[in-house]
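Quick notes on the structure that follows.
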Amino acid sequence: MKSTNLADRRVVLVGQPNVGKSSIFNALSNSHALVSNYTGTTVSVSEFKTDFGIIGDTPGIYSISEHNSDDEKATVQILEKADLIVNIINARTIERDLILTHQLMQMNKDMIVVLNQVDEAEKNGIFIDDVKLSKILGLEVIKTIAKKRIGTSEVMAALESNSAGKSGEKKFKKTEMRQFADAILQEVVIRRNMSPESSIKFALDKILFNPYAAWIVALTILFALFKILGVYVASHGVDVITSYIDTSYTPCVNSAVCRMTQSKLLRDILIGEFGILTMEVKTIFGILLPLIVGYYAIMSILEDSGYFPRLTVLTNNALAKIGLNGKAIIPILLGFGCGTMGILSTRILATQRDRTIATAIIGITIPCAAQQAIIVALLSCVDDYRIWFLYIFIMLGVMFISGKVLDMFLPGKSSELLMDIPPLQMPSFRNCIRKTVFRVIDFTSEMLLMFTIICLLMSCFNQVGLLTLIQECLSPIVQNMLNLPKEFANIFVLGILKKDAASVSLLDFAKIGTANVLTNAQILTSTVVLSLFVPCINALAIIFREQGWKKAAALWVASFFVSILVGSGLVKVLNLLYTT
Amino acid sequence: MKRTLYELSVGESGQMIGFADKNTEHTLRNFGLFIGRNATCIAKIGPIVVRSDLVVIALGKTLALRVYIK
Ligand SMILES: Nc1nc2c(ncn2[C@@H]2O[C@H](COP(=O)(O)OP(=O)(O)OP(=O)(O)O)[C@@H](O)[C@H]2O)c(=O)[nH]1
Ligand SMILES: [Mg+2]
């Protein structure tokens, strides 16, 4: 049964959440799994082939038991197929981590123990005698500081030399967990009283756990995010790049294409209204990319610092009102980056019910980074500050109502918050840069593909007159209910495919000749409708995979109607506002 | 009436002496909250945040009400 070839055996990294499995995985395989300072960063198994085996990084599990959730069961299944288990223990919390170690030892497989985060443990006065531990367990034990890649080459060497010991036959097989842990704690853990750990961290935690101060910090971060992205990046940064594209790049490409081909169709596809070389390039590189880079850079810093778990505690009671607990703030925040990422990380929520509600909220009300960028740009065309408040008020309102409705109608009760709060840490520059770069590359490659398809489709639709036909068909909704010009139907069609693409063309629309093509009221209505409009195709694909086709379809239809209904209601309110 | 973890005020400590049921006991043991150990409340803003030895755990109210202390 056991694979004999070193390179073919399955090596599985397991351990409790946030111990540093992905950090070690990255060190062993030179890949770039996400590393963040909160439990539940890794949500699915990823594997990497090396000379010393197929290494698998798994989502963290606290223990193996009949109460494991479906995702934890996935980790357990991978474990059963493993030829070698690498059990990663957080040295700081060794006592509770030993529970899992004890269970893993019962699996009767080759095993290595890695004691990670020894730096953090020693700062807290916990010193572990790895030689003694190795003797007691009868397994190889390696100390590491994965964050700094200290000790990881020893882990690699151990894997290469295939020196792992069998765990099953050892004396602890039948002993009680408690005795096992006590024996180890007494013999190998040395405690020294350390002067209270870094007083800065302590003071910061005092602030982040103070109900008033914590809200002030949260709002300040939100405001800074808005200021940096919305003002510096979105207006100044984007202006510089787009004006370069408009003045230097586009004319060049235009004349080159015109020289190259006489075909109207080809010209339309390449440089027309939805031109691959013009509209697509400008949108992705001129508008979206600067914002995405800024957004992910800030998010990486927050993820690395350990702020998210603290925010979870703070927002717990607010989220409880819509049937969620504080943990849901993490997928929601990630959803502000990209809906698909947010929806994937709903897996960290404890129950299917929580996941459904969070997915619906992300799918309906959370605009992704690309879209927010354009929303900010759009709303800044408006010289009436009330529009901003109305926008935020409407979005929060819809979020609250959709959560509330689901909370009422879904069977069961919302689950309770239970979350590990890891120590705050100074964000690692290297990790933040790496995460930002890889996320931006992912984003750009996906965007390039999607936009090319979309631009091609739209150009073709345009050629055969399909867009005019759709405009006519949708005009009762667009013109009569939403009080928008009928060309807005194009934006709807785009929005079904990709909401950010749609927002870009809305922006073009609103800005045409700087004349008042759209009134303030129309800008607000169109922004709201588009924000609430159906999730884009890739988000839909993920919802389909995670929640099944029924819920995906229901969510799609619901968001369609919600956006139209809210939009037409808004038109009535705005009529009152602007006529009185 | 037994005292529960939720009744701790910020800065106060108590010794955990039992859990309302086996399930809670197992779940919390996984997080590092063991019977017989002390827990110190470090925040109470909706959920309660406690430190026990070197772990810091946030618990929702109903969950904290299932942990008995003295
Ligand atoms: N102080 C210290 N921090 C570390 C060490 N190794 C990893 N970390 C930090 O611990 C956090 C979690 O690391 P990950 O590699 O994401 O942990 P994980 O086990 O994959 O976590 P999940 O995927 O959530 O289960 C990150 O903030 C790392 O920077 C270490 O040796 N010392
Ligand atoms: Mg991980």
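First the proteins, then the strands, lettered A, B, ... as listed; each starts at 1.
- A:L418 touches chain B through backbone and side chain together, each having a heavy atom under 4.5 Å away.
- Counting heavy-atom pairs closer than 4.5 Å to chain B, the top residue among A:R92, A:E416, A:Q16, A:K206 is A:E416.
- At least one side-chain heavy atom of B:P47 sits under 4.5 Å from a side-chain heavy atom of A:N317.
- The part of A:R191 that comes within reach of chain B is its side chain, from C-beta onward, which places non-hydrogen atoms under 4.5 angstrom from that chain.
- Here the straight-line distance linking atom CZ of A:R96 with atom CZ of B:F34 works out to 8.5 Å at 0.5 Å rounding.
- By the 4.5 Å heavy-atom criterion applied to side chains, A:D205 and B:I42 are not counted as neighbours.
- Minimum interatomic distance between B:V49 and A:F209 (heavy atoms only, all atoms of both residues): CG2-CE2, 3.9 Å.
- Chain B forms the most heavy-atom pairs under 4.5 Å with one residue out of A:V313, A:L100, A:T312, A:N210, and that residue is A:V313.
- Counting heavy-atom pairs under 4.5 Å between each of B:L33, B:T27, B:L63, B:V10 and chain A puts B:L63 at the top.
- Only the side chain of B:L28 comes within less than 4.5 Å of a heavy atom in chain A; its backbone stays farther off.
- The neighbour count for A:K73 NZ, taken as heavy atoms of other residues, nucleotides or ligands under 6.0 Å away, is above 12.
- Residues A:M419 and B:I57 form no side-chain contact, since every pair of their non-hydrogen atoms from C-beta on lies 4.5 Å or further apart.
- Of the atoms belonging to A:D420, heavy atoms from both backbone and side chain fall under 4.5 Å from chain B.
- How far CZ of B:R29 is from OG of A:S63: 7.0 Å, rounded to the nearest 0.5 Å.
- Interatomic distance, CD1 of A:I94 versus CG of B:L54, reported as 11.5 Å (0.5 Å rounding).
- Ranked by heavy-atom pairs shorter than 4.5 Å toward chain A, the options B:R51, B:K44, B:R37 are led by B:R37.
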